[in-house]
K.L.:
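Mind looking over this structure? Questions follow.
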Amino acid sequence: MAAINEVTDLTHDGDVAVVTVDSPPVNALSSNVRAGIDTAVKQANESDATAIVLICAGRTFIAGADITEFGGAAKGPSLRDVQDTLENSNVPVVAAIHGTALGGGLELALCAHYRIAVPSARCGLPEVNLGLLPGAGGTQRLPRIVGVEKSLQMIAFGDHVPAADCHEMGLVDEMAVEGQLLEDATAFARRIVAEDRPLAKVSNLNDKLVADPQVFADFRAANAKKFRGFEAPEAIIQCVEAAVNGSFDEGMRVERELFTGLMEGTQSKAQRHLFFAERQAWKIPDVPKDTEVIPVESVGIIGAGTMGGGIAMNYANAGIPVTIIETSQEAMDRGLAVVRANYERSAKRGRFTMEEAERRIARIAPSLDMNDLADVDMVVEAVFERMDVKQDIFRRLDEICRPGAILATNTSALDIDQIAAVTSRPEWVIGMHFFSPANVMKLVEVVRAEKTSIPVINTTMQISKRIGKVAALVRVCPGFVGNRILASRRQVSDALMNAGAMPWEIDKAIFDFGFAMGPFQMSDLAGLDLGWVKEESAGRTIRERLNELDRRGQKAGAGFYDYDENRTPTPSPITEEIVREFAAKSGAEARDWTSEEIVERVNLTMANEGAKILEEGMAIRSSDIDVIWVHGYNWPRYWGGPMFWADTQGLGNVVARLEELTAAEGDHWAPAGLLKQLAEDGKSFSDF
Ligand code: 3HC
């Protein structure tokens, strides 16, 4: 074994040289890895090896460029240098793939002369998820092998394609037997030599590079909604167009130029921030890595309503049997019918077979008797939001459940300490705040109460991961983290409306910023009468007035907007008149509001609330708040989250604007102490 450097070895198996990369966790192309491969291949070329196998140790082939090095000074050979070394090797190079060959890893493998993979391997160019495009020839080489349409799909969506499909497309030349990649790759390399096969260069292939220009127009049109706001997909399409319309070198030039533009832009910075934020969120300073994970093999859900049913589906999807509790057969039947309809819809869309849907449904056992939860490992309570009801349930759970069962509540706002206090085991009580629809939305806010034990926190985070969620740990405060910031957004939106901005103007500004809908459309969808008490309603707010006119939202055919029979919203003259009336009463000067002003006010408030949350220790880090807003409220990924947004503005500017607004409109705009401190120190939230 000859070490080339600390992450690369060069060995010889008879006449075949083997270059092994061993750079955990994912063999990313750090400067060390690039230098190691470059030197090893050059050395192998100088030896009497007749072929070279490039393989990786550990869990995966090279998973891409090293994202942690982005933005830093370039060191050692560039990826393109290493690609040239591989492509110009005087003996055939075989890339041997297990795990994932992603991004720069696949782009490097595309410069080997041949590729072999085990069946469990996957290949992909997922740079789009980082707001980038494959910047090392991926957009030029992939279409030369798989054709234009397949490469558009693979690159613009970042699909991880299974090895068997790659083999069928010609991206992988040979399949290896699982568990014997090195042996099969070496044998394949010998066969290539014995058969005198050429030093195949993907860049020389041209016959798949034909496409009617309509293909690109159709692809753009078909995906316009999904790509809205994102810069990378359009740049990717332009690169593939360049592959079809010009020479390889010209295509590479276009790819480089567009890659550099994206790399320097805010969107990619935001999406890279989220890549790390999503991984960071699992790490909890006072929960050491070796903390016990309590086995959870059965779960009870209380409530078969919209939330309970959706939560049950998450567990059933992960293979965990669920006992679901309702108080009446009628409510149970209604809830389970919705669960069944959801599964059938997914099966019809081809997400899984109908048999699989039936298997999942069969994992959900209905019961009208809470005593059936005596032996479960975990309970998630999902009944409606009333403290006395929840406390009553937890008293009963305390009597029924075996010691050592985790008792979780799906409350979205209630004080979990008060819920835990009615049990004799508050250390086993925790919050699991799912977002609606719970079977679709990725986020779970895991809420640690005052006395929740460390193993219970750890297990709840782990189980959230197991059921496919993105979790962030928060503490108990009104609305926790997500809804507390949502409330601040609603307040500022209402204030804008009271000052004469029309709900649809505000919604449009928020939509154009990248949300699926604005706060007033959201209110109409949820129902304006949420929390409205008819008897107490006295026309004090615009919402009260609308409710009094029976404009209770979409379900009533009218709310802030008017709705037709297809639930298409149009601005309502009635709402407009009420808004004008309130604005006149408030003494607000009649003026037009620009989208920029609206977005700025909304985001400033959200970031300021986030700063207060951090200051009070309710969230661990600012990036967790970003994760919560991206996965729980569909904050546009390319804006990184409200805290990242504030960082991009510069916290000094954020504080200055908040102070201007405080002077003009009052103390509710006053910047949080933490925000002022960070700004004074020239720092950003990401430094906190
Ligand atoms: N660079 C640096 N670190 C990386 C990395 C990368 N490309 N990919 C993963 N990591 C790190 C993660 O941050 C994580 O670190 P942590 O343990 O300190 O939190 C660790 O590796 C393990 O990652 P995961 O937790 O994600 O492990 P999984 O097993 O769940 O997933 C994976 C593995 C599928 C490889 C996933 O990590 C992944 O999708 N990685 C990113 C792949 C990617 O986007 N590649 C393209 C990079 S850009 C590029 O190549 C540009 C080129 O075109 C020029």
Side-chain angles (χ1 to χ4, degrees), residues 281-282 284 286-287 291 293-294 296 299-303 305-308 310-312 314-315 373 376-398 401 405-423 425-436 438 441-467 469-487 613 616-620 624-625 627-629 631-633:
W282 300 104
I284 302 154
D286 64 341
V287 177
T291 303
V293 182
I294 302 158
V296 175
V299 170
I301 310 278
I302 305 183
T306 317
M307 285 313 285
I311 296 169
N314 289 315
Y315 284 94
L373 302 184
V376 297
D377 300 324
M378 177 175 214
V379 177
V380 183
E381 164 278 312
V383 305
F384 56 91
E385 291 282 85
R386 244 179 58 190
M387 181 57 88
D388 55 341
V389 177
K390 297 213 188 237
Q391 282 181 327
D392 191 41
I393 286 174
F394 272 76
R395 266 187 213 103
R396 293 190 55 205
L397 287 175
D398 194 27
C401 294
I406 297 174
L407 307 181
T409 168
N410 174 51
T411 179
S412 58
L414 296 178
D415 181 344
I416 299 174
D417 289 318
Q418 284 183 37
I419 297 175
V422 302
T423 71
R425 40 174 142 172
E427 61 280 14
W428 291 91
V429 177
I430 194 162
M432 266 186 112
H433 177 207
F434 288 85
F435 288 70
S436 187
M441 296 299 284
K442 276 281 193 192
L443 182 70
V444 179
E445 270 184 328
V446 175
V447 193
R448 74 191 283 178
E450 198 56 45
K451 296 195 175 145
T452 313
S453 78
I454 297 292
V456 168
I457 294 171
N458 191 40
T459 305
T460 309
M461 293 297 286
Q462 296 297 329
I463 195 89
S464 302
K465 190 177 244 179
R466 206 168 133 201
I467 63 175
K469 297 292 169 184
V470 174
L473 186 70
V474 303
R475 284 187 188 267
V476 177
C477 63
F480 311 130
V481 168
N483 280 348
R484 179 167 159 183
I485 295 179
L486 183 68
I613 284 168
E616 294 165 22
M618 297 298 148
I620 298 171
D624 287 359
I625 300 178
V627 167
I628 288 171
W629 262 77
H631 290 284
Y633 303 84

K.L.:
Please find the pair of heavy atoms, one from Ala471 and one from Val446, that lie closest to each other, and give the distance.
P.N.:
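Reported closest heavy-atom pair: CB-CG2, 4.1 Å.
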
K.L.:
Apply side-chain contact (heavy atoms from CB on, under 4.5 Å) to Ala420 and list each qualifying residue two or more places apart in sequence or on a separate chain.
P.N.:
Pro426, Val429

K.L.:
How about Ile485 and Ile628: do any of their side-chain heavy atoms sit closer than 4.5 Å?
P.N.:
no

K.L.:
Under the ring-ring contact (aromatic ring centres under 6.0 Å, His included) test, which residues partner Trp428, sequence neighbours left out?
P.N.:
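Not a single residue meets the ring-ring contact (aromatic ring centres under 6.0 Å, His included) criterion with Trp428.
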
K.L.:
Closest approach of Val481 and Met618, non-hydrogen atoms and distance?
P.N.:
CG2-O, 3.9 Å

K.L.:
Test Val383 against Met307 for side chain to side chain contact (heavy atoms under 4.5 Å, CB included), laying out the working first.
P.N.:
CA-CA 8 Å; Val383 305; Met307 285 313 285; over 6 Å; no

K.L.:
For Arg466, give me all partners under salt bridge (Lys or Arg N to Asp or Glu O under 4.0 Å), at least two apart in sequence or on another chain.
P.N.:
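Listed in chain order: Glu297.
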
K.L.:
Quick one: are Met378 and Thr460 in side-chain contact, heavy atoms under 4.5 Å?
P.N.:
yes

K.L.:
With a 4.5 Å cut-off on side-chain heavy atoms, are Thr291 and Met461 touching?
P.N.:
no

K.L.:
Looking only at heavy atoms, what is the nearest atom pair of Ile416 and Ala449, with distance?
P.N.:
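Scanning both residues, the minimum pair turns out to be CG2-CB, 4.0 Å.
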
K.L.:
Thr411 versus Phe480: any side-chain heavy-atom pair under 4.5 Å?
P.N.:
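Yes, close enough: below the 4.5 Å cut-off.
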
K.L.:
Excluding sequence neighbours, so at least two apart, what forms side-chain contact (heavy atoms from CB on, under 4.5 Å) with Thr459?
P.N.:
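So Thr459 forms a side-chain contact (heavy atoms from CB on, under 4.5 Å) with Val293, Ile294, Val296, Ile406.
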
K.L.:
Return the CG to CD1 distance between Leu373 and Ile301, rounded to the nearest 0.5 Å.
P.N.:
9.5 Å

K.L.:
Decide yes or no for Asp624 and Glu445: does some side-chain heavy atom of the first lie under 4.5 Å from some side-chain heavy atom of the second?
P.N.:
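They are not in contact (no side-chain heavy atoms under 4.5 Å apart), so the answer is no.
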
K.L.:
Looking at Met441 and Gly632, what are the two nearest heavy atoms and their distance?
P.N.:
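Nearest pair, atom of Met441 first, then Gly632: CE-O, 3.3 Å.
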
K.L.:
State the OG1-CZ distance between Thr423 and Arg395, to the nearest 0.5 angstrom.
P.N.:
10.0 Å

K.L.:
Can you tell me how far CG of Leu407 sits from CE of Met432, rounded to the nearest 0.5 angstrom?
P.N.:
13.0 Å

K.L.:
Would you indicate whether the side-chain heavy atoms of Ile463 and Val299 approach each other to under 4.5 Å?
P.N.:
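No, side chains not in contact.
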
K.L.:
If the condition is side-chain hydrogen bond (donor to acceptor under 3.5 Å, both in side chains), which residues does Asp398 pass it with, not counting sequence neighbours?
P.N.:
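If we apply the side-chain hydrogen bond (donor to acceptor under 3.5 Å, both in side chains) test to Asp398, skipping adjacent residues, the hits are Ser424, Arg425.
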
K.L.:
Do Val287 and Leu473 make a side-chain contact, defined as non-hydrogen atoms from C-beta onward lying under 4.5 Å apart?
P.N.:
no

K.L.:
Ignoring hydrogens, what is the shortest heavy-atom contact between Asp415 and Asp417? Give both atom names and the distance.
P.N.:
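Asp415 and Asp417 have their closest heavy atoms at OD1-N, 2.8 Å.
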
K.L.:
Checking Asn410 now: which residues fulfil side-chain hydrogen bond (donor to acceptor under 3.5 Å, both in side chains) with it, not counting sequence neighbours?
P.N.:
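Per chain and number, Asn410 pairs via side-chain hydrogen bond (donor to acceptor under 3.5 Å, both in side chains) with no residue.
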
K.L.:
The criterion is side-chain hydrogen bond (donor to acceptor under 3.5 Å, both in side chains); which residues satisfy it with Lys451, sequence neighbours excluded?
P.N.:
none

K.L.:
With a 4.5 Å heavy-atom cut-off, do Lys469 and Phe434 have their side chains touching?
P.N.:
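Yes, their side chains come closer than 4.5 Å.
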
K.L.:
Who pairs with Glu450 by salt bridge (Lys or Arg N to Asp or Glu O under 4.0 Å), at least two apart in sequence or on another chain?
P.N.:
none

K.L.:
Do any pairs count as a side chain to side chain donor-acceptor pair (under 3.5 Å) and have a residue in residues 475-484, sequence neighbours left out, and if so which ones?
P.N.:
Asn483-Tyr633, Arg484-Glu609, Arg484-Glu616

K.L.:
Please list, chain by chain and in numerical order, all residues satisfying side-chain contact (heavy atoms from CB on, under 4.5 Å) with Lys465, sequence neighbours excluded.
P.N.:
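Once residues adjacent in sequence are excluded, the partners of Lys465 under the side-chain contact (heavy atoms from CB on, under 4.5 Å) criterion are Trp282.
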
K.L.:
Taking only residues at least two apart or on different chains, which pairs with a member in residues 376-392 satisfy salt bridge (Lys or Arg N to Asp or Glu O under 4.0 Å)?
P.N.:
Asp377-Arg402, Glu381-Lys390, Glu385-Lys390, Arg386-Asp388

